[in-house]
Amino acid sequence: MTKIRIILLTSFSLVAFAANSIFCRLALKGTNIDAATFTSIRLFSGAISLSFLTYATQKKMIISGNWISAFMLFLYAACFSFAYISLPAATGALLLFGAVQITMIGYGFQIGETLDITKICGIILAFAGLIYLLMPGIKSPSLVSSIFMLTAGVAWGIYSLRGTRSNNPTATTSGNFIRAIPFSIVLNIFMFDNCNLDNDGILLAVLSGVLASGAGYAIWYSVLPIIKSTNASVLQLIVPVLASLGGVIIIDEPLTLRIIVASIMILFGISLVLIGKLHTKTNT
């Protein structure tokens with residue numbers, strides 16, 4: 001896979017992740033759909049679209065993946081939705097991507113990935129930019145909601161790390177989404193009394209499942225075996241920046257100097273981590 005293709009595919013995935021935040025924010029804050037229903041529709045629509053994509057590209061139905069990854073996917077999606085019921089968006093993003101970073105960089109250290117001074121400075125600068133961007137939204141967050149979002153971050157970090165083992169990203173992601181559906185059904189049974197359906201909420205959940213989750217995760221799985229886990233974790237720091245910009249364009253949120261400065265810090269930090277060349281797995 002060429003560098004250009006890696007960059008394009010990775011960029012699409014990160015934009016999809018940001019779109020997920022926007023879709024979820026719009027649905028849970030602006031419609032009547034409940035978190036459990038949003039999660040189930042998101043996973044179910046993602047499973048359907050990925051199954052069609054797998055069949056169309058490989059001329060046969062392949063269900064790969066495994067139950068552990070599927071549960072991590074479900075755990076991330078469910079905790080993400082429930083956390084955003086009460087957490088401010090900025091606080092939730094900080095908790096989520098902080099947990100993702102700790103999980104993936106910690107694993108990188110465990111398997112022997114090394115960091116030179118340039119990469120260390122890049123990680124510090126990128127994370128500082130993220131804190132600078134999100135700190136204004138931190139005001140005594142709910143302990144329960146914070147635990148939900150931290151759990152979502154750890155689950156997403158583990159799910160991403162397990163993606164480095166995939167030889168067939170589309171089939172693997174499809175299988176994981178299909179296996180995640182039973183978990184979401186059990187969740188909805190327990191949350192049945194709080195079930196609310198809303199046309200706009202359903203549409204946003206489908207968009208989240210088909211575009212932002214299904215396509216985005218399949219492509220993310222295709223590049224994970226190529227880039228280091230440390231690089232992958234730092235790259236995801238750009239998602240809150242993209243989500244903030246998306247909020248400006250889509251939700252008419254103000255474009256502040258803080259967003260601009262934080263975006264520059266994060267992007268420059270990422271460039272330091274990725275300076276030189278993208279490392280293949282064989283070079284790790």
Transitively linked via ILVMFWY side-chain contacts under 4.5 Å: Leu75 with Ile181? no

For Ile68, is the CD1 atom crowded, meaning more than 12 foreign heavy atoms sit under 6.0 Å from it? no

Would you compute the distance between atom CZ of Phe192 and atom CG of Asp34 and round it to the nearest 0.5 angstrom? 11.0 Å

For residues Leu28 and Ser81, determine if any side-chain heavy atom of one lies less than 4.5 Å from a side-chain heavy atom of the other. yes

Check Ile33 against Ala27 and note the closest heavy-atom contact, atom names and distance. CG2-O, 3.8 Å

Val186, Tyr76: one ILVMFWY side-chain cluster at the under-4.5 Å cut-off? no

Between Ser213 (side chain) and Ser208 (backbone), is there a donor-acceptor pair under 3.5 Å? yes

Do Phe183 and Leu43 have side-chain heavy atoms sitting under 4.5 Å apart? no

Test item: Asn20 and Arg42 side chains (from C-beta on) under 4.5 Å apart, heavy atoms: yes

Over 60° means perpendicular and under 30° means parallel, so classify the ring planes of Tyr84 and Phe80, tilted if in between. perpendicular

Report yes if some heavy atom in the side chain of Ile85 is under 4.5 Å from a heavy atom in the side chain of Ser145; otherwise report no. no

Group every Ile, Leu, Val, Met, Phe, Trp and Tyr by side-chain heavy-atom contacts under 4.5 Å, then state whether Ile238 and Leu8 land in the same group. no

Which heavy-atom pair separates Val223 from Ile6 by the least distance, and what is that distance? CG1-O, 4.3 Å

Just checking, any donor-acceptor pair under 3.5 angstrom between side chains of Asn196 and Thr37? no

Any Ile189 side-chain heavy atom under 4.5 Å of Ile185 side chain: yes

Transitive ILVMFWY side-chain link Phe71 to Met149, under 4.5 Å: yes

Check: Leu187 and Phe82 side chains under 4.5 Å, non-hydrogen atoms: yes

Rounded to the nearest 0.5 Å, what separates atom CE in Met72 from atom CG in Leu161? 11.5 Å

Short question: side chain of Thr10, backbone of Ile7 - any donor-acceptor pair under 3.5 Å? no

Strictly under 6.0 Å, is that where the ring centroids of Trp220 and Phe17 end up? yes

Minimum heavy-atom separation for Ala152 and Leu96, please, with both atom names. C-CD1, 3.7 Å

Which pair of non-hydrogen atoms, one from Ala128 and one from Met265, has the smallest distance, and what is that distance? C-CE, 3.9 Å

Reported OG1-to-CG distance for the pair Thr31 and Leu204, which is rounded to 0.5 angstrom: 6.5 Å

Rounded to the nearest 0.5 Å, how far apart are CZ of Phe74 and OG of Ser40? 7.5 Å

Quickly, which of Leu203, Leu207, Val206 forms a side chain to side chain contact (heavy atoms under 4.5 Å, CB included) with Phe23? Name it, please. Leu207

Please find the pair of heavy atoms, one from Ala99 and one from Val154, that lie closest to each other, and give the distance. CB-N, 3.9 Å

Between atom CZ of Phe38 and atom CD1 of Ile202, what is the distance when rounded to the nearest 0.5 Å? 11.5 Å

Are Ile123 and Ile120 connected, step by step, through hydrophobic side chains (Ile, Leu, Val, Met, Phe, Trp, Tyr) whose heavy atoms are closer than 4.5 Å? yes

Report yes if some heavy atom in the side chain of Ile41 is under 4.5 Å from a heavy atom in the side chain of Phe44; otherwise report no. no

Residue pair Asn66 / Arg162: nearest heavy atoms and the distance that separates them: OD1-NH2, 3.0 Å

Using only atom types and a distance under 3.5 Å, with no angle test, would you say the side chain of Ser160 pairs donor to acceptor with the backbone of Trp156? yes

Gap separating the CG atom of Leu9 from the CD1 atom of Ile4, nearest 0.5 angstrom: 11.5 Å

Is any side-chain heavy atom of Ile178 closer than 4.5 Å to one of Ser51? yes

